[in-house]
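Please read all numbers here as calculations on a predicted model, not as lab measurements. Numbers here are sequence positions counted from 1.
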Amino acid sequence: MNKLTIAGIGPGNRESMTVEVDNALQDAEVIVGYSVYVDLIKPYYPGKDFITTPMTKEADRCRTALDLALQGKNIVLICSGDSGIYGMAALAYEIRGESDIPQIEVLPGITAACSGAALLGAPLTHDFAVISLSDRLTDWNIITKRLDLAAKADLAIVLYNPASKGRPDYLLKACDILLHTIPDDRPCGIVKAIGREGESAQILTLKELRTASVDMFCTVFIGNSETRVISGRLVTPRGYRL
Ligand code: SAH
């Protein structure tokens with residue numbers, strides 16, 4: 001059967017991977033992915049063939065996986081978190097185009113918004129927006145517009161890709177846009193390396209967030225107007241009467 005499975009492995013620790021994804025990886029002949037993610041899971045799947053590609057070679061990685069699936073191999077292409085959230089599931093469908101060979105199956109994983117929210121408390125209990133600050137594939141003007149409108153809509157906001165070596169000041173720029181609408185004492189959070197070595201979570205104000213140091217392994221949370229810190233946890237009430 002010519003099938004490509006695209007699986008989200010969750011934040012990084014094995015316990016946060018779904019049983020379905022674990023089963024797919026146990027059954028795989030070849031596991032394809034970005035080297036950082038392959039290194040995370042490799043110890044648990046001895047005897048498999050692993051193919052790794054650099055971070056910016058997503059299309060090559062998808063083509064390799066689709067070609068191998070066409071050859072009849074049992075292939076699993078892995079992404080961190082969920083493969084449909086800033087992952088490669090859409091790219092695989094785009095490359096395959098109007099064809100149903102190989103078959104594509106997408107297996108969901110726990111995205112950083114969920115695993116990070118759980119570490120901080122419960123900041124996403126009401127409506128929220130997820131925005132990536134990476135302008136590698138998206139025009140910065142669109143990113144700023146989305147930030148501005150999410151703030152105006154009083155959504156809690158999750159920021160993926162808050163910084164990288166080439167864009168160290170993007171979180172500061174994003175905070176400056178949000179500060180047009182949101183008061184500077186708004187509770188926020190940063191989570192780093194969820195489920196991996198060095199995992200951390202920090203609660204701070206939007207003013208503090210502006211100059212906080214973040215990297216590509218961080219996910220950032222900005223509360224809505226109801227969000228408060230309760231016993232050291234970032235909490236966005238749904239509105240239930242107590
Ligand atoms: N598909 C992934 C997102 C990939 S984009 C998912 O669903 O989670 C990469 C961004 O995701 C990172 O810059 C970071 O903001 C976030 N991220 C992914 N894994 C993370 C982790 N283990 N800890 C903290 N942030 C993470």
Side-chain angles (χ1 to χ4, degrees), residues 1-97 99-116 118-119 132 134 136-137 160-161 164-165 191-200 215-219:
M1 185 182 45
N2 298 117
K3 187 170 105 177
L4 171 62
T5 302
I6 308 177
I9 62 166
N13 55 325
R14 190 151 193 238
E15 298 73 24
S16 293
M17 186 189 281
T18 68
V19 173
E20 178 178 52
V21 170
D22 181 42
N23 288 341
L25 290 169
Q26 303 280 3
D27 292 344
E29 292 173 85
V30 185
I31 298 171
V32 183
Y34 169 44
S35 41
V36 171
Y37 309 143
V38 165
D39 287 347
L40 281 172
I41 62 153
K42 216 172 193 169
Y44 306 114
Y45 304 98
K48 306 291 177 191
D49 281 342
F50 289 93
I51 297 178
T52 57
T53 54
M55 184 162 64
T56 53
K57 297 280 178 198
E58 290 90 351
D60 292 350
R61 201 179 306 149
C62 275
R63 276 193 200 95
T64 303
L66 286 163
D67 287 349
L68 288 167
L70 279 176
Q71 291 165 28
K73 295 243 176 167
N74 185 344
I75 308 296
V76 180
L77 173 62
I78 58 164
C79 298
S80 76
D82 181 83
S83 68
I85 300 180
Y86 309 118
M88 281 180 301
L91 182 57
Y93 280 115
E94 287 179 81
I95 293 173
R96 191 186 64 168
S99 159
D100 50 14
I101 309 168
Q103 197 187 320
I104 292 177
E105 184 179 28
V106 177
L107 303 180
I110 299 183
T111 190
C114 295
S115 51
L119 270 182
S132 166
S134 170
R136 185 158 70 88
L137 304 170
Y160 281 56
N161 298 300
S164 72
K165 285 195 190 102
V191 287
K192 184 170 178 173
I194 310 159
R196 305 180 194 171
E197 216 181 298
E199 174 185 275
S200 68
D215 61 22
M216 60 188 287
F217 299 110
C218 293
T219 301

Side chains of [X] and [Y], heavy atoms from C-beta outward: is any pair under 4.5 Å?
{"X": "Leu66", "Y": "Leu70", "value": "no"}
{"X": "Tyr160", "Y": "Thr111", "value": "yes"}
{"X": "Leu107", "Y": "Val76", "value": "no"}

Working to the nearest 0.5 angstrom, can you tell me the gap between [X] [atom1] and [Y] [atom2]?
{"X": "Thr5", "Y": "Ile31", "atom1": "OG1", "atom2": "CD1", "answer": "11.0 Å"}
{"X": "Leu40", "Y": "Ile9", "atom1": "CG", "atom2": "CD1", "answer": "5.5 Å"}
{"X": "Asp82", "Y": "Ser115", "atom1": "CG", "atom2": "OG", "answer": "11.0 Å"}
{"X": "Ile85", "Y": "Cys114", "atom1": "CD1", "atom2": "SG", "answer": "7.0 Å"}
{"X": "Asn161", "Y": "Met216", "atom1": "CG", "atom2": "CE", "answer": "7.5 Å"}

Would you name the heavy atoms of [X] and [Y] that are closest together and state the gap between them?
{"X": "Glu199", "Y": "Leu119", "value": "OE2-CD2, 3.6 Å"}
{"X": "Leu77", "Y": "Cys62", "value": "CD2-SG, 4.0 Å"}
{"X": "Gly116", "Y": "Val191", "value": "O-CG1, 3.6 Å"}
{"X": "Ile104", "Y": "Arg96", "value": "N-NH1, 3.6 Å"}
{"X": "Met17", "Y": "Leu25", "value": "CE-CD1, 3.8 Å"}
{"X": "Val32", "Y": "Ala65", "value": "CG2-CB, 4.4 Å"}

List for me each residue that meets side chain to side chain donor-acceptor pair (under 3.5 Å) alongside [X], sequence neighbours excluded, and say none if there are none.
{"X": "Gln103", "result": "none"}
{"X": "Asn23", "result": "none"}
{"X": "Asp22", "result": "Arg14, Gln26, Tyr45"}
{"X": "Tyr86", "result": "none"}

For this session: Not counting sequence neighbours, which residues clear ring-ring contact (aromatic ring centres under 6.0 Å, His included) with Tyr34? List them please.
Result: Tyr37
Just jot down the side chain to side chain contact (heavy atoms under 4.5 Å, CB included) partners of [X], sequence neighbours excluded, or say none.
{"X": "Asn2", "value": "Ile101, Pro102"}
{"X": "Asp39", "value": "none"}
{"X": "Ser200", "value": "Lys192"}
{"X": "Thr18", "value": "Glu20, Val21"}

For this session: Sorted by first residue and then second, give each salt bridge (Lys or Arg N to Asp or Glu O under 4.0 Å) pair with at least one member in residues 55-76; sequence neighbours left out.
Result: Glu58-Arg136, Asp60-Arg63
Problem set entry | Sequence neighbours excluded - salt bridge (Lys or Arg N to Asp or Glu O under 4.0 Å) pairs with any residue from residues 41-50 | none
For this session: Ignoring hydrogens and angles, tell me if any N or O in the side chain of Asn74 forms a donor-acceptor pair with the backbone of Asp27 under 3.5 Å.
Result: yes
Exercise. Listed by chain and number, what are the salt bridge (Lys or Arg N to Asp or Glu O under 4.0 Å) partners of Glu94, not counting sequence neighbours?
Worked result: none
